[in-house]
Amino acid sequence: MTIQQNVDIHATKEQIYEILLSSEKFSAMTGGKTANIEAKSGGALSLFDGMIEARNIELVQNKRIVQAWRVKDWPEGQYSLIRFELDQNGANTTIHFTQTGHPEEAEAHLDAGWHKMYWEPMNKMER
């Protein structure tokens, strides 16, 4: 099972990279939901008031973020792999997003959730 999305965000790739790896900025993007992010390879993440648990696998500054990512109520030990590839496109950044390894029954919810919880609020953020 793979989710692939390509989305344009009205921001620089540096701004998007910072939003995804800053506890304060990520929390602001989500309307104040708690985010604790260790912005280093191997660093742990807790997002959306603890609903998402993750770990940074690979960080290439302003270019790529790869994380082992899971919803808290998934079966113990089940993680998916998510990948954000950032490409500057004028005043916008195209995010090439991929998620693999998620439970089959979660695909439709996740596919819609990335738009609702990440891309739409990210596009509305003040820079």
Side-chain angles (χ1 to χ4, degrees):
M1 309 264 1
T2 300
I3 295 171
Q4 292 183 309
Q5 299 178 356
N6 295 309
V7 61
D8 287 329
I9 304 294
H10 187 68
T12 67
K13 62 184 182 177
E14 292 83 4
Q15 289 170 318
I16 293 171
Y17 189 86
E18 185 176 9
I19 291 166
L20 292 172
L21 291 175
S22 162
S23 300
E24 181 180 295
K25 291 189 185 277
F26 193 93
S27 181
M29 179 187 78
T30 64
K33 292 186 175 29
T34 304
N36 294 303
I37 300 170
E38 288 182 86
K40 62 181 182 179
S41 290
L45 297 84
S46 174
L47 309 171
F48 299 100
D49 296 332
M51 184 54 127
I52 304 300
E53 302 166 347
R55 188 157 304 274
N56 291 317
I57 304 299
E58 179 186 20
L59 301 176
V60 178
Q61 189 164 356
N62 303 325
K63 179 70 178 158
R64 178 182 314 116
I65 298 170
V66 180
Q67 298 171 333
W69 189 96
R70 72 184 305 275
V71 178
K72 189 175 182 176
D73 62 0
W74 285 1
E76 182 81 24
Q78 178 155 16
Y79 283 81
S80 63
L81 191 66
I82 64 169
R83 182 182 191 97
F84 304 91
E85 292 280 349
L86 309 177
D87 286 322
Q88 195 71 48
N89 185 11
N92 293 330
T93 297
T94 301
I95 300 174
H96 304 282
F97 173 81
T98 307
Q99 181 174 19
T100 59
H102 52 280
E104 183 175 350
E105 63 274 8
E107 180 146 359
H109 176 76
L110 291 168
D111 192 42
W114 288 105
H115 289 279
K116 180 180 177 187
M117 305 303 288
Y118 277 71
W119 318 142
E120 291 169 17
M122 196 178 287
N123 255 325
K124 293 177 184 173
M125 286 186 75
E126 294 292 324
R127 310 272 184 260

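Between the CG atom in Asn92 and the CG atom in Asp8 there is a gap of 5.5 Å [rounded to 0.5 Å]. One distance of note links CG of Asp73 with CD of Gln78; it measures 11.0 Å at 0.5 Å rounding. Of the inter-residue distances, the one linking Lys25 atom NZ with Tyr17 atom OH reads 15.0 Å to the nearest 0.5 angstrom. With values rounded to the nearest 0.5 angstrom, Glu107 atom CD is found 12.5 Å from His109 atom NE2. Atom OH of residue Tyr118 and atom CD1 of residue Ile9 lie 12.5 Å apart, to the nearest 0.5 angstrom. Within the model, atoms OG1 of Thr93 and CD of Glu85 stand 13.0 Å from one another, a figure rounded to the nearest 0.5 Å.
Under the 4.5 Å side-chain heavy-atom criterion for grouping Ile, Leu, Val, Met, Phe, Trp and Tyr, Ile52 is not connected to Ile57 through any hydrophobic cluster.
Surrounding NE2 of His115 are more than 12 heavy atoms belonging to other residues, nucleotides or ligands, all under 6.0 Å away. Residue Glu14 qualifies as enclosed at atom CD: its count of foreign heavy atoms under 6.0 Å is above 12. Atom CE of Met51 has 12 or fewer neighbouring heavy atoms from other residues, nucleotides or ligands inside a 6.0 Å radius.
Contact of the Met117 side chain with the Thr30 side chain is not registered, since no non-hydrogen atoms from C-beta on lie closer than 4.5 Å. Proximity of Met122 to Ile95: side-chain heavy atoms (C-beta onward) are separated by under 4.5 Å at one or more points. Counting only heavy atoms from C-beta outward, the side chains of Leu47 and Lys33 never approach each other to under 4.5 Å. Side-chain contact between Leu86 and Asn62: absent, with no pair of heavy atoms (C-beta onward) separated by less than 4.5 Å. A heavy-atom distance below 4.5 Å is not found between the side chains of Lys13 and Asp87. Between Asn56 and Ser41 there is no side-chain heavy-atom pair separated by less than 4.5 Å.
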Worksheet item: Step by step, would you call Val66 with Leu81 a side chain to side chain contact (heavy atoms under 4.5 Å, CB included)?
Response: CA-CA 7 Å; Val66 180; Leu81 191 66; 3.7 Å; yes

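Thr98 contributes no side-chain N or O that, together with a main-chain N or O of Gln4, makes up a donor-acceptor pair within less than 3.5 Å. No donor-acceptor distance shorter than 3.5 angstrom exists from the side chain of Ser46 to the backbone of Asn36, with no hydrogens or angles considered.
In summary, of the residues considered (Phe48, Tyr79, Phe97, Trp114), a ring-ring contact (aromatic ring centres under 6.0 Å, His included) with Trp69 occurs for Trp114 alone.
Asp111 and Gln99 form no side-chain donor-acceptor contact under 3.5 Å, judged by distance and modelled atom types alone. A side-chain donor-acceptor contact under 3.5 Å links Thr34 and Asp49. His10 and Asn123 share no donor-acceptor pair across their side chains, judged by distance under 3.5 Å alone.
In terms of heavy-atom proximity, Gly101 sits nearest to Ser80 at C-CB, 3.8 Å. When all heavy atoms of Arg70 and Pro75 are compared, the closest pair comes out as NH2-O, 2.8 Å. In this structure, Ser23 and Ala35 approach most closely via the heavy-atom pair CB-O, 3.1 Å.
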